[in-house]
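A short write-up of the structure that comes next.
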Amino acid sequence: MVNLQHHRHKHLEPFYESAKNRWETIQGVIDLFQKAESCTSARTIDFRESKGSDGNGSNNNNNDNDDDGSKGYKRQTMVLRPVNAREVYLLSSKMHCCCDVKGGDWSSVFLLYECIRGTVKDEECRIEEALMKQVSYNYFARIVVIGLDLSAGDSSNTTMNAPFVDRFHSLPFGFHRNSFVSDCILMPGGRAINCSVLERTFISRSSSVVNCGTISYNVRGGHDKEGRLSSFECIPNSRYLEMLLGPETGGRKVKIHGESTMIDVTISMKMSPNNNGFASLHHPNLLEYSKLSAPVNILCNGSYVCDTPSVNGFYLSSNSYIDAAASVIDVTLLEESSISKGSIVRDAILQWKASIVNGAHVNNALLMEYACAETAAIVNSSILGPDAHVGGGETQHTLLGPNTNAHHQSLMIGIIWPTGRGNIGYGANVGSNHTGRTADQECWVGEGLFWGLSTVIKFPVDTTNAPYSLIAAGVVLPPQRIMHPFSLVVDGASGNSIMPGWVLKHSAYTIARNETKYAYRRKAERHLFYTGCKIIRPGTINLCIIAREMLRKAASGKSVHVSDKDIEGIGKNKLSEKARKDGIGAYTDTIQRYALNGFLCQIEKNGLPSSLNWNVHNYQELRREVNEQAHLASSRQNVRIPTLPWDDKVDMSDEFDDGCWNHCRLILQLEFSNGTVGSTEVILLMERLISLEEAFANSVATSKRKDDYKGAKIIPGYADAHVQSEKDSVVIESKKRAKEVKVRAERIIRSIKSRL
């Protein structure tokens with residue numbers, strides 16, 4: 001994993017560059033509109049146009065910097081001038097264009113082209129030839145700038161790098177068959193073809209607007225006395241979204257911008273401290289750059305809008321597109337993001353490669369990098385974190401963290417889930433937020449939680465201290481707080497039962513597979529600096545220690561413990577004595593396995609000392625601290641969420657570095673000794689580690705083998721269509737790791753014995 005401390009000052013650079021590039025593009029576009037507005041004769045202008053970027057945000061051109069050092073921009077020296085009498089004649093008589101100006105005054109129609117070498121006669125011929133090929137059948141009103149590509153009369157020499165290159169390469173450059181064009185600038189090499197209304201729009205080189213209804217802009221900015229939009233001026237502090245997360249009535253108000261991260265959101269919600277150094281507010285100018293809006297639509301290099309009946313207010317970054325959407329109002333799309341296939345979108349920001357597709361309805365939402373709303377999803381006043389996907393269901397007033405998936409028909413209302421990594425099964429109703437008085441309740445969800453089929457979750461609910469737990473199919477969960485990680489909650493004839501640590505003991509395959517799955521499916525590269533933490537890490541281990549302490553404090557002699565009146569943290573569920581003991585054992589094995597792996601790494605890193613003293617604290621004081629933490633965690637007067645991963649330097653550091661080792665050393669003291677550890681003790685600890693690793697690998701295989709056995713007994717030909725345990729990649733990798741740890745630990749054991 002990336003060392004977050006080392007990259008503290010670098011991880012925001014992609015976000016900063018994105019906001020800065022958009023700011024510079026807006027400034028350049030507005031400057032060009034203002035020059036056209038005041039232009040009365042030919043003038044030479046410099047225009048810097050975005051060159052676009054690849055999927056990683058790097059520039060496509062090897063020469064990333066312009067002459068003035070600006071990254072990602074191409075400087076062009078161009079001529080801007082009004083059309084002359086000959087050109088007016090050609091436009092009106094030969095190219096079937098009209099101008100909506102009293103007395104046929106074409107003074108607000110301009111040509112824009114790159115400076116060319118040659119005689120005046122040569123220039124006139126080339127301009128006339130380009131004009132004849134690149135403009136036809138249009139109705140112009142107010143300011144219209146016609147960009148002419150003089151390098152070729154058609155699109156044969158274009159240098160597009162967008163996804164639509166194969167789709168539009170045969171279409172000519174320029175304005176063609178547009179019923180009404182007003183206040184528009186078309187750069188040389190751009191296209192505007194077959195649109196009913198095209199207003200207040202800037203179309204960059206290699207960008208296209210094709211087969212659309214009304215392309216307009218009247219969503220922000222002031223109007224003049226006659227109700228028309230005011231002059232072309234930048235609109236500061238306007239490109240952000242405000243929404244209420246959690247309770248529908250009142251809610252937790254957050255303000256977000258195009259480059260917001262989950263860290264920014266949690267700071268805005270007062271879930272994270274604002275001094276962690278990883279938020280946008282710690283990067284100079286990022287916030288100011290990200291909030292600026294233009295009073296016109298902007299299509300950057302390689303972007304396009306096509307086959308959409310109504311689009312009102314948009315900024316399309318390089319290679320982003322709107323394709324066959326139903327309606328789009330006031331959106332910002334960062335590079336390679338898209339809205340398509342019948343979707344209806346209003347007030348949305350899509351980060352890099354995010355998508356809204358297949359009839360999704362999205363309103364007032366932020367989709368972070370690689371997030372997706374698909375297949376008739378309804379998303380309202382919500383944030384989808386990096387790599388999050390929703391489809392078919394309804395998401396309202398919800399914060400959905402990284403790698404969270406809701407592919408099926410389900411309901412999420414008032415969900416606060418910043419760490420994500422979970423799943424919502426078909427028919428899950430995680431949205432019973434109305435008490436009969438008002439819709440003011442919410443649900444806070446722990447990392448990696450699984451909501452099973454047809455679960456009904458009655459608010460308020462808090463599972464933030466129970467990460468990677470499973471709420472089984474059909475469970476009706478009343479309002480409660482669950483604080484035991486890796487648990488299973490099932491329904492029964494006399495109420496729900498909880499099995500703490502069940503996933504660790506009976507479904508180790510889930511942990512091993514998810515560790516690999518999250519790494520494989522993490523595509524949002526810009527957010528990797530805070531989304532890449534492991535499942536078994538200091539933060540989750542601390543929660544296991546606290547949960548184990550709660551289980552140990554239970555009164556003896558009971559066969560069944562009922563609700564958190566008997567045992568803290570089990571919520572309104574029953575807990576059998578057997579499940580309690582199993583939970584203690586599962587937590588203990590996981591805690592010790594983690595700490596002993598840290599011990600192994602420390603010995604390999606620094607060598608084997610003659611003796612080791614990890615008694616960094618008085619043992620009794622350490623025990624008291626654990627008891628106090630367990631009490632505070634379950635306190636009804638001090639309800640709080642666990643420290644988020646990005647707020648914990650140890651959680652986000654490289655595996656078993658000095659910070660992790662200090663954490664492991666405390667656990668080793670708690671688990672094994674309160675004094676000096678000699679050679680004999682080290683050997684016993686290494687043997688214990690070998691045993692735990694082998695047991696975990698066997699548990700991974702066993703949990704997979706159970707499915708194989710069950711399936712083969714029920715489904716004909718099951719083995720032919722399913723990967724069996726012995727061939728499963730997760731099982732194989734777990735056994736491989738156990739063998740590697742055994743080899744490393746035995747090497748240390750041999751080294752110790754050779755000294756004795």
Side-chain angles (χ1 to χ4, degrees), residues 14-15 17-19 21-22 25-26 50 52-53 55-57 162-164 207 219 239-243 254 256-262 264-265 290-291 293-294 297-300 302-306 308 311-375 377-391 395 398-400 402 404 523-527:
F15 299 87
E17 288 297 330
S18 172
N21 287 347
R22 187 167 65 256
T25 296
I26 291 172
S50 172
S53 67
N56 297 319
F164 66 95
S207 296
V219 291
R239 184 61 277 174
Y240 59 82
L241 297 176
E242 283 187 343
M243 63 183 67
V254 297
I256 52 179
H257 54 83
E259 282 71 28
S260 287
T261 66
M262 195 59 66
D264 298 323
V265 175
S290 65
K291 292 179 181 178
S293 286
N297 302 313
I298 295 179
L299 291 92
C300 293
S303 62
Y304 73 92
V305 183
C306 77
T308 301
V311 187
N312 182 2
F314 59 84
Y315 181 98
L316 299 188
S317 300
S318 299
N319 299 340
S320 60
Y321 62 90
I322 300 171
D323 188 344
S327 174
V328 177
I329 301 174
D330 197 11
V331 298
T332 297
L333 277 65
L334 302 191
E335 292 172 1
E336 297 188 59
S337 57
S338 62
I339 300 171
S340 62
K341 296 182 180 178
S343 298
I344 298 175
V345 184
R346 183 184 186 114
D347 297 327
I349 299 173
L350 282 70
Q351 291 187 357
W352 308 271
K353 295 189 177 181
S355 60
I356 300 173
V357 65
N358 292 340
H361 290 213
V362 177
N363 176 58
N364 197 35
L366 167 65
L367 280 69
M368 293 187 186
E369 187 177 8
Y370 265 107
C372 178
E374 60 183 355
T375 317
I378 298 174
V379 180
N380 180 51
S381 293
S382 296
I383 297 173
L384 306 187
D387 299 301
H389 292 75
V390 297
T395 305
T398 288
L399 173 62
L400 211 59
T404 305
K523 297 179 180 179
E525 296 183 357
R526 295 166 183 81
H527 294 263

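Looking at every heavy atom in both residues, G359 comes nearest to S343 through N-OG, 3.5 Å. In terms of heavy atoms, N312 sits closest to N297 at C-OD1, 4.5 Å. Nearest heavy-atom pair, T261 versus D264, reported as atom, atom and distance to 0.1 Å: N-OD2, 2.9 Å. Closest of all the heavy-atom pairs between S303 and S317 is CB-O, 3.5 Å. Between A371 and G385, the closest heavy-atom pair is CB-O, 3.5 Å. For A360 against A373, the heavy-atom pair with the smallest separation is CB-O, 3.7 Å.
Judged by distance alone, the side chain of S382 and the main-chain N or O of T398 form a donor-acceptor pair under 3.5 Å. Of the possible polar contacts, none joining the S381 side chain to the M243 backbone as a donor-acceptor pair under 3.5 Å is found. Checked by atom type and distance alone, the side chain of T308 pairs as donor or acceptor with a backbone atom of C306 at under 3.5 Å. A donor-acceptor pair is defined here as one N or O able to donate and one able to accept, closer than 3.5 Å; no such pair exists between the side chain of N319 and the backbone of E335. Checking side-chain atoms of E374 against main-chain N and O of S355 turns up no donor-acceptor pair under 3.5 Å. A donor-acceptor pair is defined here as one N or O able to donate and one able to accept, closer than 3.5 Å; such a pair exists between the side chain of S207 and the backbone of G302. No donor-acceptor distance shorter than 3.5 angstrom exists from the side chain of N21 to the backbone of S18, with no hydrogens or angles considered. Here the side chain of N364 pairs a donor or acceptor atom with the backbone of E242 at under 3.5 angstrom.
Residues R526 and L334 have side chains not in contact (no heavy-atom distance under 4.5 Å, counting atoms from C-beta outward). Counting heavy atoms from C-beta on, the side chains of H361 and N380 never come closer than 4.5 Å. The shortest side-chain heavy-atom distance between N363 and D347 falls under the 4.5 Å cut-off. Residues D323 and K341 are not in side-chain contact: their nearest non-hydrogen atoms beyond the backbone lie 4.5 Å or more apart. For the pair M262 and M368, the minimum side-chain heavy-atom distance is below 4.5 Å. Using a 4.5 Å heavy-atom threshold, the side chains of Y315 and C300 count as touching. Put simply, the side chain of E336 does not reach to within 4.5 Å of the side chain of Y370, judged on heavy atoms. Side-chain atoms of I256 and I349, non-hydrogen and from C-beta on, never get closer than 4.5 Å to each other.
Note that SG of C372 is 14.0 Å distant from NZ of K353, once rounded to the nearest 0.5 Å. Annotation: the span from Y240 atom OH to S293 atom OG amounts to 10.0 Å, rounded to 0.5 Å. Distance check: I329 CD1 to F314 CZ gives 13.0 Å after rounding to the nearest 0.5 Å. Remark: L384 CG to L366 CG distance equals 8.0 Å, nearest 0.5 Å. Distance check: I339 CD1 to L316 CG gives 8.0 Å after rounding to the nearest 0.5 Å. Note that the CG atom of L350 and the CD1 atom of I356 stand 4.0 Å from one another [nearest 0.5 Å].
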(request) Any chance you could lay out the side chain to side chain contact (heavy atoms under 4.5 Å, CB included) test for Y321 and L333, step after step, and finish with the verdict? (result) CA-CA 8 Å; Y321 62 90; L333 277 65; over 6 Å; no
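The side chain to side chain donor-acceptor pair (under 3.5 Å) test with Q351 singles out one residue from E259, E369, H527, and that residue is H527.
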